[in-house]
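What follows is one structure encoded as structure tokens, with my remarks underneath.
So that the names make sense, note that chain A is the first sequence line, chain B the second, and so on, each numbered from 1. Nothing here was measured: the structure is a model prediction, and the numbers come from that model.
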Amino acid sequence: MDKKDIVEVLERIGTMMEIKGENPFKIRAYSAGARTLQTMEEDLGDVIEEGRLGDIPGIGKALTEKIETLYATGELEFYNKLVASVPSGLMDMLDIPGLGGKKIKVLHEKLDVDSIETLTVACQEGRVAELKGFGKKTEEKILSGIKNREAYAARHLWWDAQSMVKKILPGLEELPEVERVEAAGSFRRGMETVGDLDFLVASSNPTPIMDWFTSMDGIVEVTAHGETKSSVRFEGGMQADLRVVPSEQFYFALHHFTGSKDHNVRMRQKALSLGLSLSEWGLRPEEEKDSSRKAGPVEANSEEDIFKALGLQYVPPSLREGMGEVEAAER
DNA sequence: TGGCGGTACTG
DNA sequence: CAGTACC
DNA sequence: GCCA
């Protein structure tokens with residue numbers, strides 16, 4: 001079995017374990033292993049032959065054995081058993097927004113739901129709303145999620161994302177309450193494809209901004225509308241999130257929402273190693289769990305300041321993929 | 001053997 | 001509060 | 001699950 005197929009098997013193992021209600025850290029280990037393998041530049045056969053698979057960060061004893069078995073035989077008992085124990089229809093249900101492993105498990109056990117089709121019927125008959133932890137609103141959200149799941153799951157070309165950004169950004173800039181605004185996320189990182197749009201605004205008066213954002217033209221659904229965070233979906237399936245933060249936290253939040261997740265995790269680990277705690281709200285001494293929405297003692301008037309405070313060289317958005325750039329910036 | 005990133009919104 | 005989602 |  002070649003590398004591409006093995007990556008897929010590892011990803012599927014992670015997905016199935018999610019539905020089985022496995023330990024989330026274990027699940028993460030599998031998807032991290034899959035990603036590591038995928039981005040490995042060396043030839044997999046060479047690495048295995050030289051017995052160096054386990055030397056790769058994130059690949060330990062268990063994953064090494066499984067990868068080697070798959071490479072040599074194309075079969076894996078552990079995987080086969082998992083496949084046999086998880087109805088394939090349940091895997092599709094993870095694409096529905098609002099449904100994760102836990103809820104899918106409940107739906108399967110209590111209502112015998114085992115596919116999108118049976119889930120649709122269960123919702124239409126109102127059986128889902130009666131479940132503990134579910135409700136009328138959940139039920140409606142599931143039905144609309146099913147109807148639009150292709151649009152939801154689709155990623156968009158950067159170019160298409162940019163044309164959306166060009167429409168939304170000027171509107172935000174014009175609002176008198178908006179002090180600063182940027183598009184963040186994978187769009188800012190310049191990824192070839194963009195999952196959804198992330199806008200970040202600095203303001204001390206979020207409410208009118210949130211209201212404007214959730215009532216733009218072309219919105220078909222407001223999926224969240226809170227005090228500082230809202231999500232909407234447009235015709236055609238593009239999703240956009242808006243966050244509003246106080247201006248002294250703007251660059252921390254911009255860094256955070258530009259991501260990637262892996263990059264953020266490394267940056268936070270780097271902070272912890274210095275006795276500091278980094279979040280979207282600021283950089284503060286680790287100490288107690290006082291991660292309230294207050295600015296930390298460290299000020300940032302640019303993203304550069306954040307890297308500087310951690311003793312790192314500046315890493316531009318396009319390199320923030322958690323693939324060693326943080327380590328490379330030490331010096 | 002214990003810890004694993006930190007936060008917002010929903011029901 | 002637990003679950004889901006986001007980077 | 002992996003790692004220190």
Can you tell me the distance, in whole Å, between the NZ atom of A:K141 and the P atom of B:dC9? 13 Å
Plane angle bin for A:F78 and A:Y30 - parallel if under 30°, tilted between 30 and 60°, otherwise perpendicular: parallel
Within less than 4.0 Å of OP1 or OP2 of B:dA8, is there a side-chain N or O belonging to A:T228? no
Any A:M91 side-chain heavy atom under 4.5 Å of A:V86 side chain: yes
Does A:K103 count as lying over the ring of A:F134, i.e. NZ or CZ under 6.0 Å from the six-ring centre, within 45 degrees of the axis? yes
So which of residues 258-268 of chain A are in contact with DNA chain B, with a heavy-atom cut-off of under 4.0 Å? A:K261, A:V265, A:R268
Base, sugar-phosphate, or nothing for A:F78, non-hydrogen atoms under 4.0 angstrom? sugar-phosphate
Euclidean distance, atom CZ of residue A:F257 to atom C1' of B:dG5 [Å, nearest integer]: 13 Å
Pairwise 5' ranking along DNA chain B for A:R243 and A:T138, keeping only the more 5' one: A:R243
Can you check whether A:W158 and A:F187 have ring centres sitting under 6.0 Å from each other? yes
With a 4.0 angstrom cut-off to heavy atoms of chain A, pull out the first and last contacting nucleotide of DNA chain C, in 5'-to-3' order. C:dG3 to C:dC7
Can you tell me the distance, in whole Å, between the CG atom of A:N23 and the P atom of D:dC3? 15 Å
Name the residue closer to the 5' end of DNA chain B, choosing between A:T223 and A:R28 according to the nucleotide with the nearest heavy atom. A:R28
Would you indicate whether A:D112, at its atom CG, is surrounded by more than 12 heavy atoms from other residues, nucleotides or ligands within a distance under 6.0 Å? no
Rounded to the Å, how far apart are A:D55 CG and D:dC2 P? 13 Å
From NZ of A:K66 over to C1' of D:dC2, roughly how many Å is that when rounded to an integer? 12 Å
Report the distance from atom CD of A:Q249 to atom C1' of B:dA8, rounded to the nearest whole Å. 14 Å
Using atom P of each nucleotide, how far apart are D:dG1 and B:dT7 to the nearest Å? 30 Å
Mind checking if A:L278 touches a base, just sugar-phosphate, or nothing, with heavy atoms under 4.0 Å? sugar-phosphate
Can you tell me how far C1' of D:dG1 sits from CE of A:M16, to the nearest Å? 15 Å
Is there a donor-acceptor contact under 3.5 Å linking the side chains of A:H256 and A:R268? yes
Let me know the distance between CD of A:E65 and C1' of D:dG1, rounded to the nearest Å. 13 Å
Base, sugar-phosphate or nothing for A:K61? Non-hydrogen atoms, less than 4.0 Å. sugar-phosphate
Base, sugar-phosphate, or nothing for A:P57, non-hydrogen atoms under 4.0 angstrom? sugar-phosphate
